[in-house]
Amino acid sequence: MAKDQKKQPRPKAETPKGFRDYFGADVTERKQMLDRIAEIYHRHGFEPLETSAVETVEALGKFLPDVDRPNAGVFAWQESDVPGGGSGDWLALRYDLTAPLARVAAQFRNDLPSPYRRYAMGPVWRNEKPGPGRFRQFYQCDADTVGSASVAADAEICAMLAAALEHAGIARGDYLIRINNRKVLNGILESTGVAEGKPADDVLRTIDKFDKVGEEGVRQLLTTGRKDDSGAFIEGVGLAPEQAGPVLAFLTSKGADNAATLQNLRAAVGASAAGAEGVAELAQIAQMLAAMGVGEDRAVIDPSIVRGLGYYTGPVFEAELTFEILDDKGRKRQFGSVAGGGRYDGLVERFTGQKVPATGVSIGVDRLLAALRAKGLMGGAEPGPVVVTVMDRERMADYQAMAAELRAAGIRAEVYLGNPKNFGNQLKYADKRNAPVAIIQGGDEAARGVVQVKDLVLGAKIADEASHEEWKAQPAQTEVARADLVAEVRRILG
């Protein structure tokens, strides 16, 4: 070999930064949860939609390339080998599931029913700095209605979200869907005399801090500023006290029930037409939810909800899990939000030039799965397959026949396909697979027409708790006729 030819280093076997691998239980538990949610969506008349993982950057909207290669927000690249020369389209992995829906609604508007009701589940990719619990690829689960301006569509989404959470395993009383309306926020801004643009955005961002800093904290942030817990001074928005008044009246308008909250909101928005329209829509949503059997213990009007300042145009909602968990430091805290959404009437317009009303919700798949595990509803060790061990290589067909019979009876089963020379390694393999049962048949058992059926769960329990004499008696291993193999395994599995 020439001296200048260096040996190529082996590639590192590591997951790229910001990504992760999903194994057995992670995949099956997520699928089980999404299947339950899809069942509710389907029951409400929503149709599944799968779009390409790749969209044009132009279709995604806010990530148009202004440099040689866009590197913020999305994973994008430019097509090459364009016929006739020139530059090709910029393509990107989808950032969310809503932008592809807007493209589909515009592209197939003459073929799709209107309103169009769809749900979608799948991975999305964001080219952002990863951190603890923050990944560049994650799953979303969306349901949207495109083409209906009626707040009945918003109410239906909220009711469907409640049913989906419960069907996934979140008990009634462990969650609350909180609902607000962007039009009410616009009315409050009108009453303060704050113009659109940065001043209005600053006020809205301050409103969003109400849960963290409380009424007095928001008052300070809206006016002259405040010191945070570390002693650092945070500059205020600069409103006069009389301008901050309507905002604080709005934030503290949550009453004992929806009727009281709505009454307080009417007073808070004053003479604003936009605000009054928003309050009227909230009243309709509350009425329709009650008619659908969704009480205020499940969904409630809450003025403190602020979502997607530049995105949502009407009702907004957020599903919050109310039970407590322990954080990394052993402190109790409320689990928090697992889903959110609202009305966005401007997204499809980008393609068509015409207003197309839409509303929808997105469930954080990983967040909801973590909540179910925190409640002990998922995350237990899942039983593996029955393992048929191999005592004689030349009788592999007999072992495969046993596995096939078990599978035909609806029982997960596999034949050990490693080196069968060391039988102990086969049982170690069965243990690593979390197998509940092992099937054993050597030449002697085959000649007598029997098999040994080993209950591995009982065997492990005996090994931990029984005396040496009890262990030697091998109560976890039973000899049965070959014809009774399926029946015996069924008995053990219960």
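Below, each value reflects all heavy atoms present in this structure, side chains not excepted, and no hydrogens, waters or symmetry copies.
- Distance check, rounded to the nearest 0.5 Å: CD1 of Ile40 to CG of Leu165 gives 10.0 Å.
- Listed by chain and residue number, Pro115, Thr145, Ser150, Ala153 satisfy the side chain to side chain contact (heavy atoms under 4.5 Å, CB included) test with Ser148 (two or more places apart in sequence, or in another chain).
- Here the CH2 atom belonging to Trp90 is positioned 5.0 Å from the CD atom belonging to Gln78, to the nearest 0.5 angstrom.
- Other residues, nucleotides and ligands contribute more than 12 heavy atoms inside 6.0 Å of the CD atom of Glu394.
- No side-chain heavy atom of Ile177 sits less than 4.5 Å from a side-chain heavy atom of Glu318.
- Looking at every heavy atom in both residues, Val57 comes nearest to Ala92 through CG2-CB, 3.7 Å.
- With sequence neighbours left out, the side chain to side chain contact (heavy atoms under 4.5 Å, CB included) criterion links Arg172 to Glu166, Asp297, Arg298.
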Inset, instruction - Could you please spell out the steps behind the salt bridge (Lys or Arg N to Asp or Glu O under 4.0 Å) verdict for Arg30 and Asp26? - result: CA-CA 6 Å; Arg30 181 179 64 212; Asp26 292 327; over 6 Å; no
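- Within a 6.0 Å sphere centred on CZ of Arg373, heavy atoms belonging to other residues, nucleotides or ligands number more than 12.
- Atom CG of residue Leu101 and atom CG of residue Leu347 lie 8.0 Å apart, to the nearest 0.5 angstrom.
- Taking the side chain as every heavy atom from C-beta outward, Met402 and Leu485 approach each other to under 4.5 Å.
- Atom-to-atom distance recorded for Cys141:SG and Leu369:CG is 12.0 Å, nearest 0.5 angstrom.
- Here the side chains of Val450 and Val480 are not in contact, with every heavy-atom distance at 4.5 Å or above.
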Inset, instruction - Report the C-alpha separation of Asn181 and Val316 in whole Å, then their side-chain angles, then the decisive distance to 0.1 Å, and conclude whether the side-chain contact (heavy atoms from CB on, under 4.5 Å) test is met. - result: CA-CA 5 Å; Asn181 195 311; Val316 290; over 6 Å; no
Legend entry - Derivation and outcome, salt bridge (Lys or Arg N to Asp or Glu O under 4.0 Å), residues Asp345 and Arg182: CA-CA 12 Å; Asp345 288 347; Arg182 179 61 201 267; over 6 Å; no
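- Here the shortest heavy-atom pairing between Tyr175 and Ala162 reads OH-CB, 3.4 Å.
- In this structure, the separation between CD on Glu296 and CG on Leu289 is 9.5 Å, given to the nearest 0.5 Å.
- Every residue two or more places apart in sequence or in another chain that forms a ring-ring contact (aromatic ring centres under 6.0 Å, His included) with Tyr344 is listed here: Tyr311.
- Across every non-hydrogen atom of Arg103 and Ala59, the tightest pair is CG-CB, 4.5 Å.
- Of the possible donor and acceptor atoms, one in the side chain of Thr322 sits under 3.5 Å from a partner among the backbone N and O of Gly173.
- For the pair Asn180 (side chain) and Ile305 (backbone), a donor-acceptor distance under 3.5 Å is present.
- When all heavy atoms are compared, the tightest approach of Val451 to Ala481 is CG2-O, 4.5 Å.
- Remark: side-chain polar atoms of Thr389 are paired, donor with acceptor, to backbone N or O of Ile439 under 3.5 angstrom.
- Judged by the 6.0 Å distance and 45° axis criteria, Arg178 is not positioned over the aromatic ring of Phe317.
- The closest donor-acceptor contact from the side chain of Asp142 to the backbone of Met121 lies at 3.5 Å or more, if one exists at all.
- A cation-pi arrangement is found for Arg126 relative to Tyr95, the charged atom lying closer than 6.0 Å to the ring centre and inside a 45° cone about the ring normal.
- The side chain to side chain donor-acceptor pair (under 3.5 Å) test applied to Arg448 returns Asp444, Glu479, not counting sequence neighbours.
- Within the structure, every pair that satisfies the ring pair (Phe, Tyr, Trp, His ring centres under 6.0 Å) test and touches residues 27-53, not counting sequence neighbours, is listed here: Tyr41-Tyr119.
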Inset, instruction - Start with the C-alpha gap between Val151 and Met288, add the side-chain angles, then the distance that decides, and say whether side-chain contact (heavy atoms from CB on, under 4.5 Å) holds. - result: CA-CA 9 Å; Val151 290; Met288 285 183 276; 3.7 Å; yes
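- Between the side chain of Arg118 and the main chain of Val146, no donor-acceptor pair closer than 3.5 Å is present.
- Annotation: salt bridge (Lys or Arg N to Asp or Glu O under 4.0 Å) contacts involving residues 412-436, sequence neighbours excluded, comprise Glu414-Arg433.
- Looking at Arg395 and Gln441, their side chains do bring a donor and an acceptor atom within 3.5 Å of each other.
- The ring-ring contact (aromatic ring centres under 6.0 Å, His included) test applied to Phe335 returns Phe323, not counting sequence neighbours.
- Every residue two or more places apart in sequence or in another chain was checked for a ring-ring contact (aromatic ring centres under 6.0 Å, His included) with Tyr116, and none qualifies.
- Going from atom CG of Asp228 over to atom NZ of Lys212 covers 12.0 Å, rounded to the nearest 0.5 Å.
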Legend entry - Worked check of side-chain contact (heavy atoms from CB on, under 4.5 Å) between Phe135 and Trp125: CA-CA 9 Å; Phe135 294 92; Trp125 295 265; over 6 Å; no
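- Evaluated for a salt bridge (charged side-chain N to carboxylate O under 4.0 Å, His left out) with Arg482, the options Glu488, Glu445, Glu405 yield exactly one hit, Glu405.
- For the pair Ile285/Ile179, a side-chain contact is recorded, criterion being any heavy-atom separation below 4.5 Å from C-beta on.
- Each salt bridge (Lys or Arg N to Asp or Glu O under 4.0 Å) pair with one or both residues in residues 153-164, not counting sequence neighbours, appears once here: Arg117-Glu156, Asp154-Arg343.
- Within the structure, every pair that satisfies the ring pair (Phe, Tyr, Trp, His ring centres under 6.0 Å) test and touches residues 392-423, not counting sequence neighbours, is listed here: Tyr416-Tyr429.
- With sequence neighbours excluded, the residues forming a side chain to side chain donor-acceptor pair (under 3.5 Å) with Asp174 are Lys375, listed by chain and number.
- Judged by the 6.0 Å distance and 45° axis criteria, Arg136 is not positioned over the aromatic ring of Phe75.
- Checked by atom type and distance alone, the side chain of Thr359 pairs as donor or acceptor with a backbone atom of Gly342 at under 3.5 Å.
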Legend entry - Trace of the side-chain contact (heavy atoms from CB on, under 4.5 Å) decision for Arg94 with Val54: CA-CA 6 Å; Arg94 63 190 181 200; Val54 176; over 6 Å; no
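- Across Leu91 and Glu79, no two heavy atoms sit closer than the pair CD1-CG, 3.6 Å.
- Asp455 has its side chain out of reach of Gln477: every pair of non-hydrogen atoms, C-beta onward, lies at least 4.5 Å apart.
- Heavy atoms only, all atoms of each residue included: Ser362 and Gln140 are closest at OG-CD, 4.1 Å.
- The side-chain contact (heavy atoms from CB on, under 4.5 Å) test with Val390 is passed by exactly one of Val415, Asp398, Leu417: Val415.
- Between the side chains of Asp89 and Thr56, no donor N or O sits under 3.5 Å from an acceptor N or O.
- Remark: Asp21 engages Thr15 in a side chain to side chain donor-acceptor pair (under 3.5 Å) (not counting sequence neighbours).
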